[in-house]
Amino acid sequence: MSRPRPPWVYRTVVALLRPLVSLITRPRRWRGAEHLPDGPFVVVANHLSVFDPFTLVHFLVDNGVYPRVLAKESLWRFPVVGWVVRQVRAVPVHRETAGAAAALEAAEQALAEGDAVLLYPEGTTTQDPDLWPMTAKTGAARLALRTGATVVPVAQWGAHRVIPPIGTGFRPFPPTPSDVVAGPPVDLGDLLDRADDPAAWQEATDRIMRRITEQLAQIRGEQPPATPFVRRPHRG
């Protein structure tokens with residue numbers, strides 16, 4: 001199945017923002033585009049900063065992928081931003097509520113329509129003091145097991161220097177090196193017949209986060225913690 005043509009608003013927003021992101025992120029050490037499938041698939045990535053969706057989507061769009069992004073529902077409340085996220089067909093996530101399941105249903109429908117779907121398994125920017133991936137929720141794993149979709153892990157580094165993970169500030173200059181690395185799909189084939197088993201969700205989640213962390217360790221040239229930071233309750 002080929003992916004559908006993205007809405008004109010999505011293409012327009014990309015055309016407007018790409019030059020700015022290109023100026024802010026140099027050099028761009030982006031690798032692994034050969035691992036992006038031609039049809040629908042799930043992108044999972046570590047979450048460093050509110051700026052890293054721009055670098056990640058830039059990487060994907062440059063390789064012909066206009067993903068449907070799962071994003072916190074509060075964005076829909078802003079007059080201009082809310083209109084944009086509707087037009088680019090982003091999927092609202094009502095985090096820490098019973099309505100969060102609706103986001104997975106919408107993501108399933110997006111995959112069925114041929115789109116790629118982008119999720120951050122951690123659910124928010126990392127709380128690890130050294131910015132390693134922390135423990136994750138099982139949403140991405142549940143989506144993958146319910147649909148059988150290919151899961152491509154992506155590690156990224158650098159966006160936190162443009163906008164810090166915590167606090168305020170925007171540092172567009174000097175340009176910040178940006179690393180975005182896509183890896184081979186995560187093998188979840190042995191878990192597909194256990195799509196309703198919470199133990200399988202956790203196993204799939206652990207595999208996904210292990211791959212992301214391994215790729216990030218290669219980018220940073222550092223050893224990650226033996227055990228991931230345990231995420232605290234949603235902080236807003």
Side-chain angles (χ1 to χ4, degrees), residues 32 35 37 40-48 52-53 56 67-73 91-112 116-156 165 181-220 223-236:
H35 300 304
F41 65 101
V42 177
V43 182
V44 289
N46 61 311
H47 201 359
L48 297 163
D52 68 53
L56 180 49
R68 297 280 292 275
V69 182
L70 271 68
K72 59 183 181 180
E73 58 81 26
V91 177
V93 180
H94 298 262
R95 297 187 296 192
E96 311 294 346
T97 73
L104 285 185
E105 295 175 1
E108 283 189 54
Q109 182 59 37
L111 289 168
V117 173
L118 167 59
L119 297 88
Y120 288 102
E122 295 162 276
T124 187
T125 53
T126 183
Q127 299 165 6
D128 181 274
D130 294 319
L131 302 184
W132 291 102
M134 58 182 177
T135 55
K137 296 190 173 185
T138 60
R142 288 158 58 195
L143 177 64
L145 296 185
R146 282 160 56 170
T147 63
T150 298
V151 177
V152 176
V154 174
Q156 50 184 344
V181 179
V186 181
D187 184 3
L188 303 176
D190 59 313
L191 302 175
L192 293 178
D193 60 352
R194 297 167 55 198
D196 297 321
D197 182 356
W201 303 346
Q202 190 58 57
E203 172 61 25
T205 300
D206 291 344
R207 293 184 193 179
I208 288 169
M209 296 310 298
R210 188 159 51 244
R211 285 287 305 282
I212 293 172
T213 302
E214 289 171 353
Q215 290 171 204
L216 182 59
Q218 292 177 356
I219 293 173
R220 295 174 58 170
Q223 187 69 25
T227 57
F229 185 91
V230 177
R231 69 189 309 277
R232 296 186 293 270
H234 177 51
R235 64 190 181 194

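Just so you know, these numbers use all the heavy atoms, side chains as well, and skip hydrogens, waters and symmetry mates.
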Counting C-beta onward and ignoring hydrogens, is there a side-chain heavy-atom pair between [X] and [Y] closer than 4.5 Å?
X	Y	value
Lys137	Pro121	no
Leu131	Pro165	yes
Asn46	Pro133	yes
Val44	Ile212	yes

- Message: To the nearest 0.5 Å, what is the distance between CG on Leu70 and CG on Leu118?
- Response: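 Atom-to-atom, Leu70:CG and Leu118:CG are 8.0 Å apart.
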- Drop me the distance from Phe229's CZ to Thr135's OG1, to the nearest 0.5 angstrom.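 One finds 8.5 Å between CZ of Phe229 and OG1 of Thr135.
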According to salt bridge (charged side-chain N to carboxylate O under 4.0 Å, His left out), who are the partners of [X], at least two apart in sequence or on a separate chain?
X	answer
Arg194	Asp197
Arg207	Asp190, Glu203
Glu108	Arg146

- Contacts of Tyr120 that satisfy ring-ring contact (aromatic ring centres under 6.0 Å, His included) - sequence neighbours left out: His47
Of all heavy-atom pairs between [X] and [Y], which one has the smallest distance, and what is that distance?
X	Y	result
Pro225	Asp128	CG-OD2, 4.4 Å
Pro185	Arg211	O-NH1, 3.4 Å
Arg68	Ala110	NH1-CB, 3.7 Å
Leu119	Ala140	CD2-CA, 3.9 Å
Val152	Pro37	CG2-CD, 3.8 Å
Ala195	Leu145	CB-O, 3.6 Å

Only counting residues at least two apart or in another chain, list the ones meeting side chain to side chain contact (heavy atoms under 4.5 Å, CB included) with [X].
X	value
Pro198	Trp201
Gln109	Glu113
Ala144	Val151, Leu188
Ala149	Val42, Leu111, Thr147

- Query: Considering residues at least two apart in sequence or located in another chain, which fulfil the side-chain hydrogen bond (donor to acceptor under 3.5 Å, both in side chains) criterion with Arg210?
  - Reply: none
- Sequence-distant partners of Glu214, side-chain hydrogen bond (donor to acceptor under 3.5 Å, both in side chains), two or more places apart: none
- Message: Set out, in order, the CA-CA distance, both residues' side-chain angles and the distance that settles side-chain contact (heavy atoms from CB on, under 4.5 Å) for Ile219 and Val181, then state yes or no.
- Response: CA-CA 8 Å; Ile219 293 173; Val181 179; 3.7 Å; yes
- Message: Show every salt bridge (Lys or Arg N to Asp or Glu O under 4.0 Å) that has at least one partner inside residues 117-126, sequence neighbours left out.
- Response: none
- Output, in order, the C-alpha distance, side-chain angles, deciding distance and verdict of side-chain contact (heavy atoms from CB on, under 4.5 Å) for Leu216 and Trp132. CA-CA 8 Å; Leu216 182 59; Trp132 291 102; 3.8 Å; yes
